[in-house]
Structures are given as structure tokens and as C-alpha cells.
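As the structure lists them, so they are numbered: ligands from 1, and atoms in each ligand from 1.
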Amino acid sequence: MPAYSHYQPLALANVPHWDFTTDVAIIGFGATGACAAIEARKAGAAVMLFERSSGSGGASALSGGEIYIGGGTDAQIAAGFTDTVEDFTAYLKLAGGPCVDEAKCELYGREALAHYQWLKDQGVPYRGNYLPGKVIEPTDDSTLIWSGSEAATPFRLTARPAPRGHVIQHVGWGGGRPLVDILEARARDAGAEIHVDARAVALITDGDRVAGVVMRIDNRDRFVRATRGVVLATGGFVFNEAMRRKYCPESFRVNSPIGDKDDGIGIELGQSVGGDAIHMDQFFTTCPWTIPADQAHGVFVNVAGQRFINEDCYHGRVSRCAVDQPGGKVYLLLDSAHFSQPLDLAGITIAGTGNTWEEVEGELDMPAGTLSATMAFYNRHAHQGRDPLFDKQAPMLVPLDQAPFVALECNFETSYFSFFTLGGLKTGTAGEVLNRGGVPIPGLFAAGRCTSGLPAWGHGYSSGMSLADCTFFGRQAGRAVAQLKN
Ligand SMILES: Cc1cc2nc3c(=O)[nH]c(=O)nc-3n(C[C@H](O)[C@H](O)[C@H](O)COP(=O)(O)OP(=O)(O)OC[C@H]3O[C@@H](n4cnc5c(N)ncnc54)[C@H](O)[C@@H]3O)c2cc1C
């Protein structure tokens with residue numbers, strides 16, 4: 001038997017026998033794989049879905065189940081917000097920053113309302129009620145929250161702000177599990193054949209066409225013929241240190257990878273047949289500094305006592321910009337009117353206190369006139385309702401002038417900076433995997449975090465963008481592969 005691995009495909013001529021034959025083989029049973037399976041079945045294809053764990057889930061089931069949807073949903077309208085396809089699309093593009101895939105933003109911008117209806121049609125419940133304020137995930141069963149930087153500069157200047165985080169109705173954090181359970185049920189109802197404890201190890205090619213996949217099941221290689229194509233839905237690479245070192249070294253500045261398997265195999269399988277991988281240096285990170293809520297009024301400075309961001313942005317954007325700062329830590333400055341004990345989980349500690357900002361500066365061993373000047377400038381303008389440096393907006397823009405004062409340390413190594421990767425295979429809007437020349441690789445599709453999609457830029461990430469990308473472009477891939485000829 002010739003050598004094959006996730007770096008090297010197996011030629012069809014060398015396949016010893018077929019263990020399974022199907023129209024479509026989907027690899028990975030998180031939200032992406034489930035949505036691809038539902039749509040491929042609906043389009044009439046025979047579908048086999050292979051999952052290396054003993055059941056569905058992946059990172060999708062660990063998530064908050066929050067999906068970024070805009071353009072004027074029933075929940076947005078009921079809460080009194082005006083949102084349009086144009087504003088929503090403009091926000092998506094801005095959030096993609098230098099990594100943006102304009103075609104994906106435009107397609108999802110146009111189709112998001114229909115996608116929301118599709119999710120409801122699958123049985124995903126949305127109560128439709130709005131929870132105001134800066135919320136990471138609702139702790140009650142509210143289903144609409146602000147989940148990005150919509151109301152903050154520069155986003156608010158380009159796209160009219162509206163809350164767009166649509167969370168599955170579910171009490172407390174962790175709506176991802178019920179979301180995946182519902183999608184799994186629909187995939188099963190639709191007749192997808194599901195194989196668990198089945199790990200993809202190599203692709204099979206017929207010339208330049210992907211024709212199947214080698215699966216490891218019961219410690220044996222099984223050869224799967226996929227006559228229409230293969231969909232990769234295996235998640236990102238946050239748990240593959242070698243890949244992170246090669247592609248995403250900045251992520252070593254933070255300490256808490258989150259996800260499930262996320263070993264990058266889908267990306268490497270795609271690369272093994274010529275797929276391009278893009279924006280591999282991008283990652284999402286956040287430290288939960290907006291809990292308790294009063295802390296969201298704070299001011300961040302770096303170790304030189306200088307601000308670096310308008311702190312009313314999404315907590316993840318602020319955290320990602322924090323990680324760009326030198327010195328391995330940043331400080332969150334609060335006065336006594338806005339301080340309460342930080343969340344234990346966050347690992348945020350008190351680094352300095354004082355009755356004046358000069359005293360805090362001294363406790364932090366910063367040169368005199370650095371942090372204190374920052375706060376004098378900030379407070380003077382906050383009293384006038386302005387932030388000339390970063391344009392932070394009310395209600396987060398408040399003077400911090402009630403002694404005593406505190407500097408909380410967000411340390412990239414010891415505080416909880418969770419993170420996951422955003423880079424992956426380059427795909428078209430139908431999920432087709434593209435080579436370096438931008439040409440589709442016949443028979444190969446991918447979606448979710450093994451691709452670079454809507455959440456392409458770590459500094460622009462908003463909560464819900466990953467699951468929006470996984471569910472929507474998972475569906476796109478399922479539909480497109482099902483339409484290919486056998
Ligand atoms: C705690 C947490 C909270 C989050 N909250 C949100 C949120 O509210 N909203 C949001 O948009 N994003 C959220 N995210 C991010 C989001 O959950 C993920 O980016 C997204 O779910 C990835 O989905 P996926 O389908 O690409 O991968 P996954 O859901 O990880 O699915 C991939 C599946 O492929 C399987 N697999 C891997 N390799 C193989 C192989 N070789 N053979 C067979 N199967 C394989 C894995 O076992 C896994 O089941 C959160 C992430 C975490 C960790």
C-alpha cells in the first residue's frame with residue numbers, strides 16, 4: 001500500500017477496496033457539518049457524516065450558541081432598532097478589516113434574514129426579547145444582545161448601530177449544546193448516515209479531483225468513496241502547537257486555548273491536495289473584563305501608562321488590541337464608583353491602588369506624569385462628554401475621579417485570555433476549496449473554522465460571527481456539493 005497521510009492524498013488507483021460509498025462525505029459533526037448534512041440531504045444526495053468523537057458537538061457544542069444576524073430581524077424590530085442589509089453588510093466588512101472576504105460578507109448580508117428563518121424552521125427557539133447592556137452571554141433566556149463593536153468608533157460611523165447577537169433561547173451560558181442537538185436531530189431526520197468514532201486521515205484523489213476519504217475506524221483504515229465530493233468541517237487549529245508556531249506565533253502571547261479537537265487536520269487535508277490556507281495568523285482572544293458590568297466603564301493603559309483603544313468596543317476587540325501592547329500585561333483603571341471584585345475566572349488581580357492617580361502610577365513603578373497625565377486628560381474631557389483621543393462614547397465614557405483608585409492587572413500569561421484561531425482554507429461563497437490560483441479543487445468543499453470566513457480578523461471579531469459563518473457557509477457547502485454530478 002503506498003504511503004498516505006493528511007499531508008499526502010491516496011490515489012484512487014491505489015485504493016484496495018471500498019468500505020463505504022456515498023454521494024457526499026462530510027468530515028466533522030459540529031454546527032458546520034450538521035448544517036452541510038441537512039442541506040445536502042435536502043438536495044437529494046446520499047450523505048455520510050463522519051465524526052472522530054463518540055458524538056456530535058465539537059467547539060460548537062461548547063459555545064454560547066450565539067449567531068450574528070442582522071438586516072432587520074423580528075427581535076431587532078420589536079426592540080425598536082432599525083437595521084438594514086446595507087448597514088449589516090457594512091459592519092461585516094469593517095469587522096473583516098484587512099482580511100475581509102467581501103463576497104462572503106455581501107452574500108451573508110443579503111441572506112441573513114432567510115438564514116435566521118431557516119434556523120427557526122429547524123426548531124432553534126428564539127424568544128425574541130432584548131437584553132440591553134454589555135453582555136458576554138445572557139444569564140437569563142433573552143435572545144438578542146449587543147455582541148460586537150457596533151456602537152463604538154469607527155464602526156458606528158460607517159454602519160448604523162444595532163444589536164445583532166441572536167442567542168438560542170436557553171437559560172444561562174452554554175446554548176451551543178442545545179443548538180447542536182437540534183441540528184443533529186434535523187440531520188438524522190433528513191436521513192444523513194452518521195458514523196462516530198471515525199477519524200479522517202487522508203483524502204483520496206482521482207487525478208485532480210477529490211474522490212473520497214480514508215477514515216480510521218476501529219483502529220483500521222476504511223476507504224470511503226464520495227462520488228460527488230467531500231466537505232471538511234473539522235474546526236480550527238488552536239490545539240496544534242506546531243501549526244500555531246508556524247502560522248500564528250502571536251497567539252503564544254496568551255494562555256488559554258478554547259475549543260474541542262481543533263488540531264488543524266482539515267486545513268492540512270485541504271493543503272494536501274493544493275488548497276490555499278489564508279489569514280493563518282489571525283486569532284480571537286478575550287479576557288472577561290466587562291464582568292462585573294461596572295468594570296466596562298474602565299480605562300485601559302499599557303505598561304507605559306498610555307491608552308490604546310476606545311474601551312467601549314467589544315470586549316474581544318479590546319482584549320485583542322491589549323495583546324498587541326508590549327510588556328505582557330495591561331491595566332484596567334477604575335475609580336471607587338465603578339470598582340467591584342473581578343470575576344474569579346478572569347484571573348484579574350489588583351496591581352496598584354491610591355488616593356490619587358499619581359499614587360497608583362507610583363505603585364505601578366511608572367515614570368511620574370505618564371498614567372496620571374493620561375487620566376487627567378481623560379477625566380477633563382470625559383466631564384465634557386468627549387474622548388478626543390479614541391472617541392469613546394457614552395454611557396461608557398464617564399470620568400473616573402472618585403477616590404480611591406485602582407489598577408487591575410490583565411496579564412496575558414496569568415489572567416484568562418481565552419483564544420481560538422480564525423485562519424484556514426480559502427473557499428468561495430459556495431464553500432468550494434480554492435487553490436493558490438483561486439481555482440476550485442474539484443470535489444472538495446469546506447466551511448467553519450477550518451476555513452477563513454466571516455470572522456477573518458481577530459481585531460474585528462464580534463460574538464456570533466463564527467457560528468454565523470459555520471451554519472450559513474456549512475449550508476452553502478452542503479447544497480453545492482450535492483449538486484455535483486456523480
Ligand atoms: C467556550 C466557547 C464559546 C463560544 N461561543 C461562541 C458563540 O456564542 N458564538 C459564536 O459564533 N462562536 C462561539 N465560539 C466559537 C465557535 O463555537 C466555533 O468557532 C465554531 O463552533 C466552530 O465550528 P466548526 O463546525 O467549524 O467546528 P467544531 O464545532 O469544532 O466541529 C468540528 C468537528 O470535527 C470533528 N473532527 C475534527 N477532526 C476530525 C477528523 N479528522 N475526522 C472526523 N472528525 C473530526 C471534531 O471532533 C468536531 O466535532 C465559542 C467557542 C468556545 C470554545
Side-chain angles (χ1 to χ4, degrees), residues 5-6 25-37 48-69 135-138 145 147-148 164-168 170 173-177 179-180 183-184 194-203 213-217 224 230-240 256-269 283-286 288 316 345 416 418-422 424-425 446-455 461-474 477:
S5 74
H6 56 287
I26 298 172
I27 313 301
F29 200 0
T32 309
C35 289
M48 287 187 187
L49 204 166
F50 296 94
E51 164 57 48
R52 67 177 276 183
S53 298
S54 301
S56 69
S60 305
L62 301 174
S63 78
E66 181 183 338
I67 304 187
Y68 201 78
I69 304 170
V135 175
I136 292 184
E137 283 180 37
I145 60 171
S147 68
R164 303 194 180 100
H166 287 70
V167 189
I168 181 174
H170 168 80
W173 287 34
R177 185 70 258 177
L179 175 69
V180 174
L183 296 173
E184 170 172 358
I194 292 161
H195 297 259
V196 296
D197 299 312
R199 183 167 58 92
V201 293
L203 291 174
V213 58
V214 183
M215 301 298 311
R216 208 66 195 156
I217 300 174
V224 180
V230 172
V231 179
L232 301 171
T234 51
F237 63 98
V238 75
F239 290 115
N240 185 326
S256 300
I258 55 169
D260 183 32
K261 300 297 177 294
D262 294 292
D263 64 358
I265 187 164
I267 298 169
E268 294 188 319
L269 286 170
F283 64 99
F284 158 86
T285 188
T286 200
L345 165 82
Y416 181 65
S418 61
F419 71 102
F420 59 84
T421 58
L422 299 175
L425 294 170
R449 288 292 56 77
C450 63
T451 69
S452 172
L454 292 174
Y461 189 88
S462 301
S463 267
M465 279 194 174
S466 185
L467 284 175
D469 185 67
C470 294
T471 53
F472 181 77
F473 288 100

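- Every atom of ligand 1 with a heavy atom of Tyr461 under 4.0 Å away is listed here by number and element: 10 (C), 11 (O), 12 (N).
- In terms of modelled atom types and a separation under 3.5 Å, the side chain of Thr421 and the main chain of Phe237 share a donor-acceptor contact.
- Note that the CD1 atom of Ile145 and the CD atom of Glu137 stand 7.5 Å from one another [nearest 0.5 Å].
- Close approach of ligand 1 to Gly65 (heavy-atom distance below 4.0 Å) involves ligand atoms 8 (O).
- Close approach of ligand 1 to Gly464 is summarised as follows: ligand atoms under 4.0 Å from at least one heavy atom of the residue are 9 (N), 10 (C), 11 (O).
- Lys261 and Ser53 share a side-chain donor-acceptor pair at under 3.5 Å.
- If you check which protein heavy atom lies closest to atom 27 (O) of ligand 1, you get Gly235 CA, 3.5 Å.
- Checked by distance only, ligand 1 and Thr32 come closer than 3.5 Å through their nitrogen or oxygen atoms.
- Contacts of Ile265 with ligand 1, taken as heavy-atom pairs under 4.0 Å, involve the side chain alone.
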| Step-by-step side chain to side chain contact (heavy atoms under 4.5 Å, CB included) determination, Arg52 to Ile27 | CA-CA 9 Å; Arg52 67 177 276 183; Ile27 313 301; over 6 Å; no
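- Listed for the Thr285 side chain is a donor-acceptor partner under 3.5 Å among the backbone atoms of Ser418.
- In this structure, the side chain of Asp262 does not engage the main chain of Val238 through any donor-acceptor pair within 3.5 Å.
- Residue Glu66 places at least one N or O, backbone or side chain, under 3.5 Å from an N or O of ligand 1.
- Remark: ligand 1 and Arg52 share an N or O pair separated by less than 3.5 Å (distance only, no angle test).
- Here's the thing with Arg199: none of its N/O atoms is less than 3.5 angstrom from an N/O atom of ligand 1.
- For ligand 1, the polar-atom distance check against Ala200 finds a nitrogen or oxygen pair separated by under 3.5 Å.
- In this structure, the protein non-hydrogen atom closest to atom 34 (O) of ligand 1 is Gly28 CA, 3.1 Å.
- The closest protein non-hydrogen atom to atom 17 (O) of ligand 1 is Ser63 CB, 3.2 Å.
- For ligand 1, none of its N or O atoms has an N or O atom of Asp262 under 3.5 Å away.
- Set against the non-hydrogen atoms of Gly259, the atoms of ligand 1 under 4.0 Å away are 53 (C).
- The protein atom (non-hydrogen) at minimum distance from atom 53 (C) of ligand 1 is Ile258 CD1, 3.5 Å.
- Each of the atoms 17 (O), 21 (O), 28 (P), 29 (O), 30 (O) of ligand 1 lies under 4.0 Å from some heavy atom of Ala59.
- At distances below 3.5 Å, not a single donor-acceptor pair connects side-chain atoms of Asp263 with backbone N or O atoms of Asn240.
- In terms of protein heavy-atom proximity, atom 49 (O) of ligand 1 is closest to Glu51 OE1, 2.6 Å.
- Between Ser60 and ligand 1, at least one pair of N/O atoms sits closer than 3.5 Å.
- No side-chain heavy atom of Leu62 sits less than 4.5 Å from a side-chain heavy atom of Ile258.
- In this structure, Tyr461 has its ring center closer than 6.0 angstrom to the ring center of Phe420.
- Within the structure, ligand 1 has Ser53 among the residues with a heavy atom less than 4.0 angstrom away.
- Atoms of ligand 1 found under 4.0 Å from any heavy atom of Gly448, numbered from 1 in the order shown, are 26 (O).
- Checked against a 3.5 angstrom limit, the closest N/O atoms of Leu467 and ligand 1 fall inside it.
- Set against the non-hydrogen atoms of Phe50, the atoms of ligand 1 under 4.0 Å away are 43 (C), 44 (N).
- Using a 4.0 Å heavy-atom cutoff, Ala198 is listed among the residues neighbouring ligand 1.
- Between Arg177 and Ser56 the shortest side-chain heavy-atom distance falls below 4.5 Å.
- The backbone N or O of Gly266 lies less than 3.5 Å from a partner atom in the side chain of Thr234, making a donor-acceptor pair.
- For a threshold of 3.5 Å applied to N or O pairs, the pair formed by Met215 and ligand 1 contains no separation below that value.
- Taking a cut-off of under 4.0 Å to the non-hydrogen atoms of Ala233, the atoms of ligand 1 that pass are 31 (O), 32 (C), 33 (C), 34 (O).
- Here the straight-line distance linking atom OG of Ser463 with atom CD1 of Ile67 works out to 12.0 Å at 0.5 Å rounding.
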